[in-house]
Amino acid sequence: NSNPLILCERNKNKIVLNTEKLDKMMDKYRKRRAQLIAAEMVEKLREKGYETYYAEDVEEARKIMLSLIPEGSSVGVGGSETLNAMNMIEELRNGPYHFFDRYQKLPFCEIEEIYREALNADVFLSSCNAVTRDGRLVNMDSSGNRVAAISYGPRKVIMAVGANKVVDNLDEALDRI
């Protein structure tokens, strides 16, 4: 797959934008448009102070993301279809990390405790509900663990964000959610 991906960082926060969610059979014009959107967002997020990485596909993005997580780190995750599509959950389960695995088949009270533990992780991985073209990250979630971790939790947050989540303004971001 050759869809572009972007990663960026601002102090503790890292963001990954990718076009993986786009139809795998998209024509070259749709793909080029996605690449242009990704490139535009790389620049916009850099202007806002994020360290930004660009990858053409999820495999490259996964490698970059893993390179940003020191071995031995504790790692928490927010609910994210993007991370699942990137196979990050399996990488964390099988890698040299202490993974707070929210995807285990456990009673909710135990999963809720994992949510709490993840707030103190060294690294937190998540996605973003929407990103506006002026570089605002828009996030909501039902349990609050993801937003809490992104806002005030682990010192390092890495976000995986599909280019399909880029919208023109805050109203469109809220409509998307």
Side-chain angles (χ1 to χ4, degrees), residues 1-69 75-92 123-142 144-154 156-177:
N1 195 336
S2 62
N3 292 320
L5 187 79
I6 307 157
L7 298 136
C8 58
E9 173 180 17
R10 178 179 180 176
N11 297 332
K12 71 170 190 164
N13 299 318
K14 298 185 187 290
I15 299 148
V16 181
L17 293 158
N18 75 42
T19 58
E20 184 62 25
K21 296 284 184 177
L22 294 175
D23 181 2
K24 292 183 183 204
M25 301 302 292
M26 72 177 155
D27 63 22
K28 65 181 181 179
Y29 300 108
R30 286 183 62 204
K31 180 177 179 178
R32 181 65 183 141
R33 182 177 185 276
Q35 290 171 325
L36 292 171
I37 289 169
E40 172 190 341
M41 294 314 300
V42 164
E43 291 308 312
K44 181 53 68 178
L45 291 165
R46 282 184 180 156
E47 287 173 15
K48 291 200 160 273
Y50 292 93
E51 182 179 333
T52 306
Y53 306 85
Y54 181 97
E56 274 294 319
D57 56 38
V58 294
E59 291 79 18
E60 185 180 356
R62 184 175 53 250
K63 288 177 187 174
I64 292 170
M65 289 183 79
L66 290 169
S67 76
L68 298 171
I69 307 170
V75 182
V77 298
S80 171
E81 289 303 315
T82 304
L83 292 176
N84 284 320
M86 294 175 66
N87 202 35
M88 286 300 297
I89 304 308
E90 286 306 312
E91 291 283 351
L92 295 170
V123 180
F124 190 82
L125 305 180
S126 187
S127 187
C128 188
N129 296 111
V131 179
T132 63
R133 288 205 184 254
D134 64 357
R136 288 183 281 178
L137 309 176
V138 182
N139 292 285
M140 288 187 193
D141 70 278
S142 61
N145 72 301
R146 185 172 59 96
V147 171
I150 291 167
S151 301
Y152 186 83
K156 183 185 283 189
V157 176
I158 303 171
M159 297 180 75
V161 183
N164 60 309
K165 296 182 179 183
V166 176
V167 296
D168 287 333
N169 54 51
L170 188 55
D171 287 335
E172 286 184 18
L174 295 175
D175 287 343
R176 186 181 193 292
I177 296 170

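We're numbering straight along the sequence, starting at 1. Since the model is a prediction, treat every value here as computed from it, not as a measurement.
- L170 CG to D134 CG: the interatomic distance, rounded to the nearest 0.5 Å, is 8.5 Å.
- If you take CG on N129 and CG on L137, they are separated by 10.5 Å, rounding to the nearest 0.5 Å.
- Distance alone, capped at 3.5 Å, places no donor-acceptor pair between the R133 side chain and the I37 backbone.
- Nearest heavy-atom pair across V157 and A149 is CG2-O, 3.8 Å.
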Between K44 and Y50, is the side chain to side chain contact (heavy atoms under 4.5 Å, CB included) condition met? List the steps. CA-CA 9 Å; K44 181 53 68 178; Y50 292 93; over 6 Å; no

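- No donor-acceptor pair closer than 3.5 Å links the side chain of N139 to the backbone N or O of V147.
- Interatomic distance, CG of L125 versus CD1 of I89, reported as 7.5 Å (0.5 Å rounding).
- Nearest approach of L83 to A160, heavy atoms of both residues: CD2-CB, 3.9 Å.
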Test log, rule side chain to side chain contact (heavy atoms under 4.5 Å, CB included), inputs E40 and L36: CA-CA 6 Å; E40 172 190 341; L36 292 171; over 6 Å; no

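- Summarising the geometry, atom CE belonging to M88 is positioned 4.5 Å from atom CE belonging to M65; distances are rounded to the nearest 0.5 Å.
- For the residue pair F124 and P154, the shortest heavy atom distance occurs at CB-CG, 3.5 Å.
- Separation of atoms CG (L92) and CD1 (I69) is listed at 5.5 Å; rounding is to 0.5 Å.
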Please test K165 against S127 for side chain to side chain contact (heavy atoms under 4.5 Å, CB included), starting from the C-alpha separation and ending with a verdict. CA-CA 10 Å; K165 296 182 179 183; S127 187; 2.9 Å; yes

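- Scanning all heavy atoms of the two residues, the minimum distance from A173 to T132 falls at CB-CG2, 4.3 Å.
- Between the R146 side chain and the M140 main chain, a donor and an acceptor come within less than 3.5 Å of each other.
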Just do the side chain to side chain contact (heavy atoms under 4.5 Å, CB included) check on M41 and T52 with the steps written out, would you? CA-CA 9 Å; M41 294 314 300; T52 306; over 6 Å; no

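- Between E60 and K63, no side-chain nitrogen of the basic residue sits less than 4.0 Å from a carboxylate oxygen of the acidic one, so the salt-bridge criterion is not met.
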